[in-house]
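A quick write-up on the structure given underneath.
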Amino acid sequence: MKLRVNGVCFSYESVMALDDVSFEVNRGEVLGIIGPNGSGKTTLLRCINRALDPERGTILIDAKDILKLDRKEIAKEIGVVPQNSTIHFPFTVLDIVLMGRTPHLGRLNGESTKDLRIARNAMKITNTLHLAERSIDEISGGEKQRIIIARALTQEPRILLLDEPTLHLDINHQLEILELVNDLANKKGIIVVLVSHDLNLAGRYCNRLVLLNKGSIFSMGRPEEVLTRKNISDVYNIEVEISYNKSIKTNTFIPIAVSKNRSSK
Ligand code: ADP
């Protein structure tokens, strides 16, 4: 299975947010979308899940053109974990997770025991089963993020899109969410596309990265190919110190200063 994004362009009235963006993601891969604020990361995720329609280009899941699918068909293929999931009613956690079955239900059908089994399984994977009867407004940020991932998994998608899944979480919950996402890709073969502003986490947990700058792909490849001092300086306008950490077997990045040669721009 493969997700192919081909020559995608999108503008908000006068702002060109995506300009000819193309990449592929394979089954079981975690692809990170990184780039400074306003570089087009969220717009790209929203085009992939058809919340926005690209002006040009195609998005294919194998041979299936997602621009030709209806909402229900898309929700069976793509699960979304948005940046801010605000839920205003005091639903139980189980109710929220079961909402993920909606695209699979017939118009007059309620959830069956099969739907319940799928929801409970997603809660087991995300370590949220013990919260099933709790009200969604009585739980912590880390738990809520895991519940939103459980709801997305209950859709049984082949692709999972996450927009800044670790935002507002403390360090241990950040690692927990990214370990979980990695497991979903490795063990279940799900395609994961995640947006992150954290270079250390993206470099550690993503198999490949797409670095966006002003709506275009500036660099794409393995983390060590993309996260070079030059690329980071060119795109983020900062000098970083890069060092290899033996215990996590990956490079780590410490911002040192705003780049002198570009600070006047
Ligand atoms: P990122 O997620 O990388 O911060 P976005 O995809 O949110 O970037 O935004 C890309 C560009 O599109 C930015 O220039 C931003 O100001 C603009 N933009 C985003 N959303 C809107 C909108 N609803 N209306 C107009 N411009 C927008």
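Heavy-atom basis, side chains included; hydrogens, waters and symmetry copies ignored. All residue numbers in this chain count up from 1 along the given sequence.
- Annotation: the span from Q174 atom CD to D170 atom CG amounts to 7.5 Å, rounded to 0.5 Å.
- Side-chain contact between D198 and F253 is absent, with no heavy atoms from C-beta onward closer than 4.5 Å.
- Between E77 and P157, the closest side-chain pair of non-hydrogen atoms is not below 4.5 Å.
- Contact between G7 and D20 at its shortest, heavy atoms only, is CA-OD1, 3.2 Å.
- In this structure, the separation between CG on N200 and CZ on R204 is 9.5 Å, given to the nearest 0.5 Å.
- Clustering ILVMFWY residues whenever any of their side-chain heavy atoms sit less than 4.5 angstrom apart, transitively, puts L199 in a cluster other than the one holding L44.
- Between the N207 side chain and the V30 main chain, a donor and an acceptor come within less than 3.5 Å of each other.
- Without hydrogens or angle criteria, R71 side chain to R50 main chain gives a donor-acceptor distance under 3.5 Å.
- L211 has its side chain out of reach of I217: every pair of non-hydrogen atoms, C-beta onward, lies at least 4.5 Å apart.
- Residue K72 places its NZ atom among more than 12 non-hydrogen atoms of other residues, nucleotides or ligands, all under 6.0 Å distant.
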>> Walk me through whether H197 and E164 qualify under side chain to side chain donor-acceptor pair (under 3.5 Å).
In response: CA-CA 7 Å; H197 66 281; E164 305 266 20; 2.5 Å; yes
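- In this structure, Y205 and L194 have side chains that are not in contact, with every pair of non-hydrogen atoms separated by 4.5 Å or more.
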>> Please evaluate residues E133 and L94 with respect to the criterion side-chain contact (heavy atoms from CB on, under 4.5 Å), reporting the C-alpha separation (whole Å), side-chain torsions for both, the decisive distance (0.1 Å), and the verdict.
In response: CA-CA 6 Å; E133 299 309 322; L94 180 60; 4.1 Å; yes
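- Atom CD1 of residue I136 and atom OG1 of residue T92 lie 8.5 Å apart, to the nearest 0.5 angstrom.
- Listed for the R158 side chain is no donor-acceptor partner under 3.5 Å among the backbone atoms of M1.
- Under the ring pair (Phe, Tyr, Trp, His ring centres under 6.0 Å) criterion, F218 pairs with no residue at all, not counting sequence neighbours.
- Counting heavy atoms of neighbouring residues, nucleotides and ligands inside a 6.0 Å radius, atom CZ of R27 does not exceed 12 of them.
- Exactly one of L160, V193, N49, L69 qualifies for a side chain to side chain contact (heavy atoms under 4.5 Å, CB included) with I78. That residue is N49.
- Side-chain N or O atoms of S112 include one that pairs as donor or acceptor with a backbone N or O of K114 at under 3.5 Å.
- With sequence neighbours left out, D65 forms a salt bridge (Lys or Arg N to Asp or Glu O under 4.0 Å) with K68.
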>> I125 vs L184, test: side-chain contact (heavy atoms from CB on, under 4.5 Å). Steps then yes/no.
In response: CA-CA 9 Å; I125 294 169; L184 293 171; 3.9 Å; yes
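- In the hydrophobic clustering of this structure, L175 groups with I149; members are Ile, Leu, Val, Met, Phe, Trp, Tyr whose side-chain heavy atoms approach within less than 4.5 Å, directly or through other members.
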> Should T42 and D163 be marked as a side chain to side chain donor-acceptor pair (under 3.5 Å) after you check the CA-CA gap, both sets of side-chain angles, and the distance that decides it?
Replying inline: CA-CA 7 Å; T42 298; D163 195 354; 3.2 Å; yes
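- In this structure a side-chain-to-backbone donor-acceptor pair under 3.5 Å is missing from R101 to E111.
- The distance from the CG atom of N182 to the CD1 atom of I177 is 12.0 Å, given to the nearest 0.5 Å.
- Among all heavy-atom pairs drawn from L31 and L209, the shortest one is CD1-N, 4.4 Å.
- With salt bridges taken as basic N to acidic carboxylate O contacts below 4.0 Å, one links R222 and E225.
- Between F23 and V8 there is no side-chain heavy-atom pair separated by less than 4.5 Å.
- Between G100 and P103 the shortest heavy-atom distance is O-CD, 3.3 Å.
- Through chains of ILVMFWY side-chain contacts below 4.5 Å, I254 is grouped with I256.
- How far CG of D53 is from CD1 of I59: 9.0 Å, rounded to the nearest 0.5 Å.
- One N or O on the side chain of R146 and one on the backbone of T126 form a donor-acceptor pair closer than 3.5 Å.
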> Can you list the steps and then say if E156 with K76 is a salt bridge (Lys or Arg N to Asp or Glu O under 4.0 Å)?
Replying inline: CA-CA 7 Å; E156 297 191 301; K76 287 181 190 169; over 6 Å; no
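- There is no path of hydrophobic side-chain contacts, each under 4.5 Å, that joins L212 to M16.
- At least one donor-acceptor pair under 3.5 Å links the side chain of E143 to the backbone N or O of S140.
- Surrounding CZ of R208 are more than 12 heavy atoms belonging to other residues, nucleotides or ligands, all under 6.0 Å away.
- Residues meeting the salt bridge (Lys or Arg N to Asp or Glu O under 4.0 Å) test with R229, sequence neighbours left out: E239.
- Residues C9 and L18 fail the side-chain proximity criterion, which asks for heavy atoms closer than 4.5 Å.
- Linking Ile, Leu, Val, Met, Phe, Trp and Tyr whenever their side-chain heavy atoms come within less than 4.5 Å leaves L162 and I61 in two separate clusters.
- The 12-atom threshold is not exceeded at CG of N37, counting heavy atoms of other residues, nucleotides or ligands nearer than 6.0 Å.
- Without hydrogens or angle criteria, T252 side chain to S243 main chain gives a donor-acceptor distance under 3.5 Å.
- Between the T128 side chain and the L131 main chain, no donor and acceptor come within less than 3.5 Å of each other.
- Applying the salt bridge (Lys or Arg N to Asp or Glu O under 4.0 Å) test to K187 and every residue at least two apart in sequence or in another chain returns D183.
- When atom types are taken as modelled, the side chain of N245 and the backbone of N251 share no donor-acceptor pair closer than 3.5 angstrom.
- A single hydrophobic cluster is not seen to contain both M123 and I118; linkage of ILVMFWY side chains at heavy-atom distances under 4.5 Å, directly or through other members, places them apart.
- Annotation: side chain of I242 is in contact with side chain of V240 (closest heavy-atom distance under 4.5 Å).
- Here F10 pairs with Y12 under the ring pair (Phe, Tyr, Trp, His ring centres under 6.0 Å) rule; sequence neighbours left out.
- Contact check for L178 versus L180: no side-chain heavy atoms found under the 4.5 Å cut-off.
- We find the CG-CD distance between L167 and Q145 to be 9.0 Å, quoted to the nearest 0.5 Å.
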